[in-house]
Amino acid sequence: MSRPLHRGVTGIRISGNSNDLWDSQMKDKTEKEDMDRNRSSDQSYLALRFPFRLLFPDNNSPSKYGNGENGFASDPFSVGSPRSRQKLTLLLLKLSLAVIVILALTGSFWWTISISTLSRGQILHNYRRLQEQLVSDLWDIGELSLGSSRLQELEFCSEESENYVPCFNVSENLALGYSDGSENDRHCGHSLSESCLVLPPVNYRIPLRWPTGRDIIWVANVKLTAQEVLSSGSLTKRMMMLDEEQISFRSVSPMFDGVEDYSHQIAEMIGLRNESNFVQAGVRTILDIGCGYGSFGAHLFSKQLLTMCIANYEPSGSQVQLTLERGLPAMIGSFTSNQLPYPSLSFDMLHCARCGVDWDQKDGMFLIEADRVLKPGGYFVWTSPLTNARNKENQKRWNFVRDFADNLCWEMLSQQDETVVWKKTSKKSCYSSRKPGAGPSLCSKGHDVESPYYRPLQGCIAGTQSRRWIPIQEKTTWPSRSHLNKSELALYGLHPEDFREDAENWKTTVTNYWSVLSPIIFSDHPKRPGEEDPSPPYNMVRNVLDMNAHFGGLNSALLEAGKSVWVMNVVPTVGPNYLPLILDRGFVGVLHDWCEPFPTYPRSYDLVHAEGLLSLQTHQQRRCTMLDLFTEMDRLLRPEGWVVIRDTGTLVESARMLTTKLKWDARVIEIESNSDDRLLICQKPFFKRQGVSS
């Protein structure tokens, strides 16, 4: 019986007496030793003279131990045998290839010298293109190696995933030992993310468009019970009405005038005539902690104020989910154990109306974090029954908050009923004038990190080392604030001409985007060339996620174009950090690692935009795949939502192939004839769970 050898070598038939075989082997072994002695010097010479031999090893040569793949000794390199002639031919071919490589390298060297007149920038540009092409080719090879699974569409997730947010698994966090509220906090890296597509709930309906959707949302789109509405303790949570199919806010009933009265009261306590004067007082961005369902921010939006809602993760009755459903900025965030993913000195005002944060706990650490993200001269507004406490225990808690705020150099401006307004100092000298040992100390330069990413809460006052310590009263007011002046740009190492050029490019880009999207988005409501977009409720884009926001240029261009949108500006942790600049322009944003799930619920955004993100992620150490990134985009996107990706042609083509796995409708558009970039436009279809009636 014969046994074939690998690599095309003819099989050997094992037969006859074993002693004869042994005598034959001993004879061959003696001849082999003689030949090996003659060849050893030649092989050493070849190895030194032709180092490329290491790149092309001889698979048929004898092994270190003299055994072939069939377990027997290999034949000696005999010149007279057909097998040896084959080996010699292969060796000559390899040597020829080595000579070709040497000649190619030599030619490349002289070619490099000959193009010394070519600009360095062009050389680097071409090198970058080759590098990206190589990455794309390797990606394609890896994908193609999967065989038939390459084009296989992803399965749909189970029904339990309809409102699931990765990194916020309470039961798993409890099992890992988290407690005292930290089980509700964000903990990534323990469980593997599912590669599946999240389906919307049964009876899900496309949200009503802005501004109608601000006041009316569909009950089936969110996870909420009537009991959760009735038992809500938040001031703004109670300002809503629930019926069989809809939840109504604000203008449906006269009782919702309470939001306007409440906002008017805060303005008067600051010393303003009404909330319309907030902008003149330097207020533009507000962090609304435990925002209820966003009614405070919804009212102030008409006053040119931008309110970011943050609240704890809630498996049902989520404040963040309902606020986003209304078309208002929101994300999951808490003060439990880690710092918020915002830079120091980020917001003009912090607002907490029965927000559920016990400010007197953890020795005032929550108040220290609030102080960190509050700009100099900014306002802290707190509405709580604790401020009007009658019993001894609650009075003690209130006294602690009041005294601690004083040690933070906050000035109490006014107290009316349950509402108290403080103003943060605008002078650093206040901290040195405190009594020795009074209040927390200032952070050292090493601990005063401007943009922490979920770092544990600190017990020192941060932001005093920052060059951005500028009182809000000294800043230009909105909307002029979005156009930073020369001295402000110098804080970020930017030249006014570069900033202006970036802004002009984004204006052109937004015009191009809209010219591509409008015929599709507004196909049911056609318009003639040059006409404005159809009036609401046909404005199909409201919540926009910019996954690589740079300077916030997309946000600025959309607002200047008069689009009724708000943008969540995300700055990836692997790239340059311009988040402080974005927030100083009067926009909202957050720091994020895109190899981790974004802290929000499924179906949060109408439009997801990523310019240069694929290139940025590709040039970093890859902890996640492109498919992971796109699956997360799908989770964040509403049914019939849009994805706009701008990147190099090779990466866009790789991305386009992945869209088939996600069941997206996609097409690639060439932007300019002289540009390497391509545009990938995708739409997420509206899939419904099979087997259930809608």
Side-chain angles (χ1 to χ4, degrees), residues 235 261-275 277-278 280-283 285-290 296 300 305 335 344-435 437-442 460-464 469 471-474:
L235 175 66
D261 293 340
Y262 176 67
S263 304
H264 189 83
Q265 177 189 1
I266 294 173
E268 289 182 334
M269 294 172 70
I270 292 175
L272 306 174
R273 183 175 180 180
N274 54 50
E275 63 270 32
N277 298 115
F278 275 135
Q280 282 69 36
V283 177
T285 55
I286 301 172
L287 184 65
D288 196 0
I289 306 163
F296 183 65
L300 294 179
L305 300 176
F335 286 82
S344 300
L345 318 179
S346 291
F347 296 94
D348 305 314
M349 177 185 287
L350 268 62
H351 174 254
C352 164
R354 299 187 182 181
C355 61
V357 178
D358 296 324
W359 297 106
D360 60 310
Q361 299 299 306
K362 288 196 175 182
D363 300 322
M365 296 272 279
F366 301 151
L367 286 170
I368 294 174
E369 177 63 5
D371 178 84
R372 183 186 72 83
V373 299
L374 187 61
K375 290 181 179 180
Y379 303 96
F380 183 84
V381 181
W382 185 32
T383 298
S384 170
L386 203 64
T387 60
N388 268 339
R390 294 292 183 264
N391 65 69
K392 190 173 182 180
E393 180 62 29
N394 286 341
Q395 285 181 347
K396 181 180 178 181
R397 296 178 61 191
W398 159 238
N399 290 335
F400 176 89
V401 173
R402 184 180 56 193
D403 295 341
F404 200 90
D406 185 63
N407 289 328
L408 288 173
C409 285
W410 291 5
E411 176 190 0
M412 183 187 290
L413 297 182
S414 179
Q415 179 178 359
Q416 293 183 17
D417 302 323
E418 295 183 350
T419 302
V420 183
V421 177
W422 284 276
K423 181 181 179 181
K424 179 177 177 176
T425 184
S426 58
K427 299 179 180 179
K428 297 181 184 179
S429 59
C430 175
Y431 301 111
S432 58
S433 64
R434 296 177 300 173
K435 295 179 181 179
S441 60
L442 301 182
C460 56
I461 298 175
T464 59
W469 182 282
I472 63 172
Q473 292 80 10
E474 297 179 13

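The structure displayed is predicted, hence computed values, not measured ones.
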Is there a side-chain contact between [X] and [Y] (heavy atoms, below 4.5 Å)?
X	Y	value
P471	K427	no
F335	I289	yes
C352	W359	yes
V401	F366	no
K424	L345	yes
I472	M349	no
I461	L408	yes

Partner residues of T285 under the side chain to side chain donor-acceptor pair (under 3.5 Å) criterion, sequence neighbours left out: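 If we apply the side chain to side chain donor-acceptor pair (under 3.5 Å) test to T285, skipping adjacent residues, the hits are D348.
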Rounded distance (nearest 0.5 Å) linking atom [atom1] of [X] with atom [atom2] of [Y]:
X	Y	atom1	atom2	value
N388	Q395	CG	CD	10.5 Å
Q416	T383	CD	OG1	10.5 Å
D417	Q265	CG	CD	6.0 Å
S263	F296	OG	CZ	4.5 Å
L374	Y379	CG	OH	10.5 Å
W410	K423	CH2	NZ	14.5 Å

Closest approach of [X] and [Y], non-hydrogen atoms and distance?
X	Y	answer
M412	W398	CE-CH2, 3.9 Å
F400	G364	CZ-N, 3.9 Å
R397	L386	CB-CD2, 3.9 Å
G290	C355	CA-CB, 3.9 Å
Y262	A353	OH-CB, 3.7 Å
R354	E418	NH2-OE1, 2.9 Å

Any donor-acceptor N/O pair, N277 side chain to Q280 backbone, under 3.5 Å: no
Q415 side-chain N/O to T387 backbone N/O, donor-acceptor pair under 3.5 Å: yes
Atom CG of N274 with >12 non-hydrogen neighbours under 6.0 angstrom: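 Check passes, neighbour count above 12.
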Test: D360 and K396 ion pair at under 4.0 Å: no
Pair E369-M365, side chain to side chain contact (heavy atoms under 4.5 Å, CB included): steps then yes or no: CA-CA 6 Å; E369 177 63 5; M365 296 272 279; over 6 Å; no
Aromatic ring pairing F380/W422, orientation class (parallel under 30°, perpendicular over 60°, tilted between):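 Correct class here is tilted.
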Stepwise side chain to side chain contact (heavy atoms under 4.5 Å, CB included) test for H351 and I266: CA-CA 10 Å; H351 174 254; I266 294 173; 4.3 Å; yes
Check against side chain to side chain contact (heavy atoms under 4.5 Å, CB included), M269 and L413: CA-CA 7 Å; M269 294 172 70; L413 297 182; over 6 Å; no
